[in-house]
Number of protein chains: 2
Amino acid sequence: MPARDQRTTITQVANAAGVSIQTVSNVIRGRGRVGEATRERVAKVISELNYVPHPGASSMRSNRTGQLAHPMPPQSFEPTNNINVEFIRGLVAAAATHGYHVVLTRSDGDPEEIAELCRSGRIDGFVFTGMQPDDLRMETAHRLGMPFACFGRTAPDLPQAWVDIHNADGTDEATTLLIDTGHRRIAFLGHESPYFWDAERRDGYLQAMARAGLQSRVALCGSTDKDIEAAARKLLGRGRPSAIVCSSDRLAVALYAEAGRRGIEVGKELAITGFDDWIVGRNLSPALTTVSTDLHDIAGRVVDRFLTELAGPTDAPGEFVPVELLRRGSA
Amino acid sequence: MPARDQRTTITQVANAAGVSIQTVSNVIRGRGRVGEATRERVAKVISELNYVPHPGASSMRSNRTGQLAHPMPPQSFEPTNNINVEFIRGLVAAAATHGYHVVLTRSDGDPEEIAELCRSGRIDGFVFTGMQPDDLRMETAHRLGMPFACFGRTAPDLPQAWVDIHNADGTDEATTLLIDTGHRRIAFLGHESPYFWDAERRDGYLQAMARAGLQSRVALCGSTDKDIEAAARKLLGRGRPSAIVCSSDRLAVALYAEAGRRGIEVGKELAITGFDDWIVGRNLSPALTTVSTDLHDIAGRVVDRFLTELAGPTDAPGEFVPVELLRRGSA
DNA sequence: CTGAAAGCGCTTACAG
DNA sequence: CTGAAAGCGCTTACAG
């Protein structure tokens, strides 16, 4: 492994610059008092020798690894979950900005996996996503004193440090758009689920309908393809609404398929809005009007929050990130 | 940071088991000669104390970090690229099987980023994907003596250790299906591109057509939405074929849209096959018949290949992984 | 402002 | 079969 034999060490840098290794360390970490001339000389040598401090050695004394674990819950792998890649991209970018590397791990929700990572000395903390209502991962990290931040919330009494989107705003905006374009019989199609976000998205719809003095109609369905298809069939049957606000793009896609079977033209005879800006919705004809979230931005905020927690646990409240309604052909 | 103060060390394990730290190390690494009774006693203590060796300390002597970098090229973030999540999932799982962690990094193709990772002592090697014809990343890793393995191939004269899918087989199979179901005027729609796989997918089509004694018709287009739309328009204009083999699902989706505009019914009046099993194709009506690759399996093979390279660079040839034709509604 | 010493937790030779 | 010693490359705390 030549790469390792050729490794430049702090000692070589110190010798070449004519200073002690301690001064080199100070220059790198921006600590202690180092004269300007010395600093420049050392920096020059570091760059010339392509010196990179050994993270393993560094972590032994500093208790910092410069690594962040992102345990991906199983549902983030489901093809219907679209947020993963964009979020990960943002996470890696934001982490890099602060000199952090992202270690990707699998997580089936078993807190023991989290505990082992806490004990491993491999990471400085976690970024969690896809939390379940009874998720034990955050509690485990908290108990073992490992900093973390979450995209999304869990039960209010559990430890968390969250950034989340404003779900109700999204469906409120979508519903309002439909009302403003003349629709009156507007239904909501959502999931029966234990998740916060499902309830919040429904509430946004209800709130906009109430404000306009319109009668609301909420349909909820299970999460299997069959459940969704059945709900779509019923909703587009006799007495169908002229517009439907969906709690997710996946539901909207099912409505497109059902509308196709019935010869109902989406965008003309039936308006549909989604939520998530899933790639599938973008490729439908007409393209789906949907509520989009800036996952890149969110990832940056989650990393910021993680760094805050790393500096010292806080009771800081969570942070809501605004959503954006993308108007396309379907509404 | 309680997690770190509470850290169990090899010394604590050694004391509790009544052996030297060296023996504990031997038990963990399965090295040296350790008596059966001693091994069991030590293993019990390790498990009781939840001992995990400190990877930083370990890496200083062993030159092994147990970490693998996966630099994600920018195109893997494009929404039209579907392989990323599935592959990463498989990569993390396969790496974990061998005690490896995956460090995700961004890569804009700049070899200096790769060089810095090589020098960092943070990783034992790379898994590359999305290679460009003039990709300098593998060469850089090779020059710095860092082991790596690739999903996909690059120019034959460059260092590489690859696993790839059998592209020609896929389009050959798709074309043969169309021939077997009675089609005679079958066109191919592909990308003008410098990539291996585009040429190979075209060749599979040509080969199947030649075997059946049919006349082939190849249409190629650029990579922008506009280019693709123009190609679809032309292909579905006057004298259109009865079936089209596409080099990617993205192209197939564009054909669906164009067919929709012209009132041509896909699956009845026009057969279409894709390549990639993109989530969008699965959600079209009718669902797209396409060539699918088992990315989970491929990731496992790439990790195997990486471990081979880690044990000592080889000139072992690359490995082809079979593809599978998924027959759905469109053909 | 700079440096000599201690020590982080391991693994690698090597001695017995 | 097992252990005492050396040392991996850093950072910390402290002395000057």
Side-chain angles (χ1 to χ4, degrees), chain A residues 1 3-43 45-46 49-67 99 119-124, chain B residues 1 3-43 45-46 49-67 99 119-124:
Chain A
M1 309 289 117
R4 291 157 197 149
D5 301 345
Q6 289 165 5
R7 156 164 277 287
T8 303
T9 68
I10 197 172
T11 308
Q12 290 170 27
V13 173
N15 290 342
V19 296
S20 73
I21 62 166
Q22 149 70 334
T23 297
V24 177
S25 178
N26 281 341
V27 168
I28 291 167
R29 316 211 77 244
R31 287 198 170 199
R33 260 163 285 271
V34 182
E36 193 46 46
T38 310
R39 176 183 307 283
E40 274 173 20
R41 187 154 33 94
V42 171
V45 172
I46 286 174
L49 298 183
N50 286 321
Y51 172 63
V52 187
H54 189 286
S58 166
S59 76
M60 288 182 70
R61 296 298 277 146
S62 70
N63 272 345
R64 286 290 157 87
T65 62
Q67 297 196 149
R119 291 186 214 108
S120 74
R122 189 176 291 279
I123 55 158
D124 296 341
Chain B
M1 308 290 116
R4 291 158 197 147
D5 301 346
Q6 288 165 7
R7 156 164 278 286
T8 303
T9 67
I10 197 171
T11 307
Q12 290 169 26
V13 173
N15 289 343
V19 297
S20 74
I21 62 167
Q22 149 72 334
T23 297
V24 176
S25 178
N26 282 340
V27 168
I28 290 167
R29 316 211 76 243
R31 287 198 169 200
R33 259 163 287 271
V34 182
E36 193 46 44
T38 310
R39 176 181 308 283
E40 275 173 20
R41 186 154 34 96
V42 172
V45 173
I46 287 174
L49 298 183
N50 285 322
Y51 172 62
V52 187
H54 190 286
S58 167
S59 76
M60 287 182 71
R61 297 298 278 145
S62 70
N63 274 344
R64 286 290 156 85
T65 62
Q67 297 197 150
R119 290 186 215 108
S120 75
R122 189 177 289 281
I123 56 158
D124 296 341

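By convention in this document, chain letters (A, B, ...) are assigned in the order of the sequence lines, proteins followed by strands, and residues within each chain are numbered from 1.
Atom pair B/Arg122:CZ and D/dC10:P shows a separation of 13 Å (rounding to whole Å applied). Atom-to-atom, CE of A/Met60 to C1' of D/dC8 comes out at 9 Å; the value is rounded to the nearest Å. Separating the CD atom of B/Glu40 from the P atom of D/dT2 is a distance of 12 Å, rounded to the nearest angstrom. Rounding to whole angstrom units, NE2 of residue A/His54 and P of D/dC8 are separated by 12 Å. The CG atom of B/Asn63 sits 17 Å away from the P atom of C/dC10 (whole-angstrom rounding).
Listed here is the closest heavy atom pair of B/Arg122 and A/Pro55: NH2-CB, 3.6 Å. Shown here for B/Asp124 and B/Gly66, the closest heavy-atom pair between the two residues is OD2-N, 3.0 Å. Residues A/Ser59 and B/Gly56 come closest through the heavy atom pair OG-CA, 4.0 Å. Between A/Arg119 and B/Arg7, the shortest heavy-atom contact is O-NH2, 2.6 Å.
With a 3.5 Å limit on both pairing distances and Watson-Crick or G-U wobble geometry required, the stems of 3 or more pairs in DNA chain C span C:1-3 with D:14-16, C:5-12 with D:5-12, C:14-16 with D:1-3.
Atoms CD1 and OG1, from A/Ile123 and A/Thr65 in turn, are 7.0 Å apart once rounded to the nearest 0.5 Å. For the atom pair CZ of A/Arg29 and OG of A/Ser58, the computed distance is 6.0 Å after rounding to the nearest 0.5 Å. The OG1 atom of A/Thr23 sits 9.5 Å away from the CD1 atom of A/Ile10 when rounded to the nearest 0.5 Å.
Distances shorter than 4.0 Å separate some side-chain N or O of A/Thr38 from OP1 or OP2 on C/dT2. Proximity of B/Thr23 to the phosphate of D/dG3: a side-chain N or O atom is located under 4.0 Å from OP1 or OP2. The phosphate of C/dC10 (OP1 or OP2) has a side-chain N or O of B/Arg7 nearer than 4.0 angstrom. The side chain of B/Arg41 contributes no N or O atom lying less than 4.0 Å from OP1 or OP2 of D/dT2.
Among A/Val19, A/Val27, A/Val24, the single residue meeting the side chain to side chain contact (heavy atoms under 4.5 Å, CB included) criterion with A/Val34 is A/Val27.
The closest side-chain heavy-atom distance from B/Gln12 to B/Thr9 is below 4.5 Å.
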Expected string for nucleotides 11-16 of chain C under the B/S/- scheme (protein heavy atoms, under 4.0 Å, primed atoms plus P, OP1, OP2 as sugar-phosphate) is BBB---
